[in-house]
Protein chains: 2
Amino acid sequence: MAASTLTEVARLAGVSPATASRVLNGSARKPGPDIADRVRQAADSLGYIPNAQAQGLAKSSSGLIGLIVHDIADPYFAAIARGVQEAAREQGRMVLLATTAGAPGDEKEAVAAFAARRADSIVIAGSRSSRTEDTDGNADLAAELDRYCRNGGQVAVVGHPVVGAAVSDGYHVVEVPNEELAASLASELSASRADDDFVIIGGPEGLFTSDDRIRGFQQGLAEAGRPPAEILRSSFNRAGGFGAGLTLAARIKASRPEAGGVGATGNGGGSKGLCIFAVNDVMAIGAAAALRSEGLRIPRDATIAGFDDIETLRDFRPALSTVHLPLEEIGRIATRSAAGTAAADGAGTPPPVTGQVTLRRSTETAS
Amino acid sequence: MAASTLTEVARLAGVSPATASRVLNGSARKPGPDIADRVRQAADSLGYIPNAQAQGLAKSSSGLIGLIVHDIADPYFAAIARGVQEAAREQGRMVLLATTAGAPGDEKEAVAAFAARRADSIVIAGSRSSRTEDTDGNADLAAELDRYCRNGGQVAVVGHPVVGAAVSDGYHVVEVPNEELAASLASELSASRADDDFVIIGGPEGLFTSDDRIRGFQQGLAEAGRPPAEILRSSFNRAGGFGAGLTLAARIKASRPEAGGVGATGNGGGSKGLCIFAVNDVMAIGAAAALRSEGLRIPRDATIAGFDDIETLRDFRPALSTVHLPLEEIGRIATRSAAGTAAADGAGTPPPVTGQVTLRRSTETAS
DNA sequence: CTGGTCTGGGAAAGCGCATTCCCACTGCAT
DNA sequence: ATGCAGTGGGAATGCGCTTTCCCAGACCAG
């Protein structure tokens with residue numbers, strides 16, 4: 001038993017398919033009330049569900065929003081996805097999900113798939129990369145996006161524009177002030193951790209999000225009259241943070257004058273403390289776990305700060321100093337700006353994203 | 001400039017649309033190699049992207065999988081979503097996301113929307129409810145699902161079947177042994193926390209997932225010769241856990257003989273300890289945060305266990321005792337069983353989901 | 001009473017593709 | 001030389017819907 005069609009409804013109501021279409025879907029022309037009722041009744045009794053594919057074909061617009069993330073299980077992306085989902089619902093659209101692990105090649109595939117489905121707009125949430133191994137992939141992705149835009153598609157990118165993407169009126173970028181915020185964080189930490197050395201746990205070189213935060217942090221340090229921090233590179237996830245954390249733990253233990261038992265007092269002998277900045281919360285948590293596994297305590301033996309303010313991680317102890325980012329809002333903004341909605345009211349520039357340095361226990365001066 | 005069509009490609013290649021279709025999409029009939037090349041070249045030079053909507057219309061199948069969750073930002077659902085996404089990719093399909101906050105009414109809408117898009121299958125991940133206020137919604141949902149199945153759709157539900165859903169061959173349930181696992185947890189805790197009283201922090205009555213875990217836990221206690229635990233009801237999220245945690249904290253403090261300073265020794269005066277079972281990890285974390293905010297320490301002043309083994313929460317301290325659930329795998333299994341793939345190899349029953357009691361620091365006997 | 005403008009409904013032409021027939025042609029056996 | 005199956009390509013139909021265009025009737029002014 002196949003789903004019933006508009007034609008069947010029309011026949012049952014004793015009207016033409018055109019009329020049925022006009023009453024069941026928002027058309028400019030409103031048929032008379034009596035006819036409308038008849039049609040609606042017929043539709044009800046048949047359990048009519050319009051075929052969105054056919055509608056899309058006829059109208060050439062699908063009511064679909066494509067969302068590209070690295071990994072939907074990553075709380076960062078999950079939070080953004082929630083915002084996208086919400087905004088999509090406002091617009092009466094549905095979201096199509098694609099995960100790519102950050103590979104531009106996969107992202108290109110995803111864009112093509114979205115284009116094939118005639119998605120009205122695409123939101124790209126994952127961090128852009130400028131690594132040389134991604135050059136080809138980026139070029140392909142840029143070309144695909146360009147084509148998509150020329151065909152009338154709208155795309156919004158969170159953070160940095162795709163490398164090499166042509167500017168077009170369907171192409172929006174939601175700026176995230178990673179650099180400024182990282183600078184603020186550095187400046188606040190410089191003040192509260194006056195005696196500490198700084199070290200940065202960053203993602204792989206070429207990841208814009210990571211690079212921006214690193215650059216901003218260094219700049220903030222410089223403005224505070226501090227020397228640049230050493231940078232440890234690792235993968236952009238918990239495992240990376242954990243690995244870097246082990247390295248640092250070894251270093252901290254080695255620099256302690258006394259043979260460090262587990263209970264040994266940190267920062268003994270007047271040596272300077274260490275303040276770790278991990279470029280995102282998940283890495284920070286990984287690093288913290290590594291330190292702890294080596295018997296070190298935070299903030300006693302080292303202090304640590306992250307970035308993103310992931311909700312699920314707020315109950316972590318010691319509470320993680322970080323930079324709050326309105327992830328959900330970012331998702332909403334991106335979705336709206338790719339809907340043409342934002343352009344309707346005035347300047348057309350989406351509201352700026354603002355974050356906030358949030359110092360908590362993990363960088364508190366030991367009392 | 002609209003996207004180019006099959007017809008354009010065919011014209012450029014000097015063949016008929018039929019032939020172009022045959023070479024560009026997997027058809028049973030393979031045109032000659034020379035012609036195929038010409039077509040492929042034409043398609044390339046035109047940047048041809050097949051219109052999935054038109055394909056879907058013609059074939060009446062869309063390559064879409066609908067996923068229904070309560071909240072994509074909840075790590076439990078995010079993990080399942082990852083599995084679904086993965087399995088979908090294996091099948092060459094894309095996933096359509098809908099979030100419903102668990103309201104059967106919204107879920108019905110989502111199913112209808114998926115049906116409108118002619119999704120090949122639907123995966124429902126959210127917990128089912130049998131609350132009386134959801135009766136109507138459940139009936140609607142069941143009817144909608146039934147219609148969807150009768151039209152050839154496949155649906156997989158994680159956990160409990162939708163209340164009132166008709167059995168049909170397109171309707172699969174991925175059983176999660178919540179009850180058994182909760183019983184095991186109770187039994188293990190009974191052994192290791194021989195002197196403790198037990199209390200359960202549950203979700204609202206009528207949420208199957210919560211109810212199953214509560215029932216299982218009580219049963220496990222009974223089998224261990226323990227009296228049934230008191231049940232505190234709250235919402236099925238962190239806030240709920242936190243609220244219940246505050247209640248328990250007050251109770252714990254009140255039962256202490258001495259005026260409890262922050263540093264006071266727990267379980268003083270020989271009174272029995274308290275072991276808290278929260279029906280999911282997120283609630284457990286909330287409860288733990290509440291206890292901590294009241295100056296109580298875990299596992300010293302109370303012990304606590306959760307359920308799910310959420311990945312993001314593994315670095316929580318003290319490490320949370322819980323029941324490990326292969327969330328991602330569950331998503332994969334559900335997706336596969338709704339793809340007809342599972343039925344192809346033999347019995348057709350999907351592999352059973354197995355969990356594992358995982359005791360960690362949060363329920364460790366104070367040394 | 002006639003000519004004009006609205007109004008509301010129907011007929012029909014696609015939207016882009018898959019697919020069923022159908023046909024021309026080849027190669028082989030008779 | 002003739003018949004036949006087999007092969008490979010094209011014409012045409014339809015998937016379910018929207019939308020343009022057209023037409024019949026109503027209604028008003030002259």
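All chains are named by letter (A, B, ...) in the order of the sequence lines, taking the proteins before the strands, and each is independently numbered beginning at 1.
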Let's see if you can work this out: which of [options] has an atom nearest to the side-chain heavy atoms of [X]?
{"X": "L57(B)", "options": "dG16(D), dC17(C), dG10(C)", "value": "dG16(D)"}
{"X": "V15(B)", "options": "dG10(D), dG10(C), dA18(C)", "value": "dG10(D)"}
{"X": "A58(B)", "options": "dC15(C), dC15(D), dT19(D)", "value": "dC15(D)"}
{"X": "L6(A)", "options": "dC17(C), dC17(D), dG10(C)", "value": "dC17(D)"}

Just do the side-chain contact (heavy atoms from CB on, under 4.5 Å) check on M94(B) and R89(B) with the steps written out, would you?
CA-CA 7 Å; M94(B) 302 206 72; R89(B) 182 186 287 235; over 6 Å; no
Tell me which of S60(B) and A20(B) sits closer to the 5' end of DNA chain D, going by the nucleotide each one is nearest to.
A20(B)
Q53(A) vs S16(B), nearer the 5' end of DNA chain D by closest nucleotide
S16(B)
Pairs flagged by salt bridge (Lys or Arg N to Asp or Glu O under 4.0 Å) wherever residues 31-55 of chain A is involved - sequence neighbours left out:
none
With sequence neighbours excluded, give me every salt bridge (Lys or Arg N to Asp or Glu O under 4.0 Å) pair touching residues 55-66 of chain B.
none
Just the rounded figure in Å: distance from [atom2] of [N] to [atom1] of [X].
{"X": "Y48(B)", "N": "dG16(C)", "atom1": "OH", "atom2": "C1'", "value": "7 Å"}
{"X": "R11(A)", "N": "dG16(D)", "atom1": "CZ", "atom2": "C1'", "value": "13 Å"}
{"X": "R118(B)", "N": "dC15(D)", "atom1": "CZ", "atom2": "P", "value": "13 Å"}
{"X": "I49(B)", "N": "dC15(C)", "atom1": "CD1", "atom2": "P", "value": "19 Å"}

Under the side chain to side chain donor-acceptor pair (under 3.5 Å) test, which residues partner D71(A), sequence neighbours left out?
R82(B)
Pairs touching residues 51-70 of chain B that satisfy ring-ring contact (aromatic ring centres under 6.0 Å, His included), sequence neighbours left out
H70(B)-F77(B)
N/O contacts under 3.5 Å, protein versus nucleotides 20-23 of chain D?
| residue | atom | partner | partner atom | Å |
| --- | --- | --- | --- | --- |
| dC21(D) | N4 | R29(A) | NH1 | 3.4 |

Contacts of type ring pair (Phe, Tyr, Trp, His ring centres under 6.0 Å), residue F208(B), not counting sequence neighbours
H160(B)
Sugar-phosphate, base or nothing in reach of P50(B), heavy atoms under 4.0 Å
sugar-phosphate
What contact category does T5(B) fall into here, base, sugar-phosphate, or nothing, at under 4.0 angstrom with non-hydrogen atoms?
sugar-phosphate
Criterion salt bridge (Lys or Arg N to Asp or Glu O under 4.0 Å) on E107(A) and R128(A), from CA distance to verdict
CA-CA 11 Å; E107(A) 295 180 331; R128(A) 302 298 84 218; 2.9 Å; yes
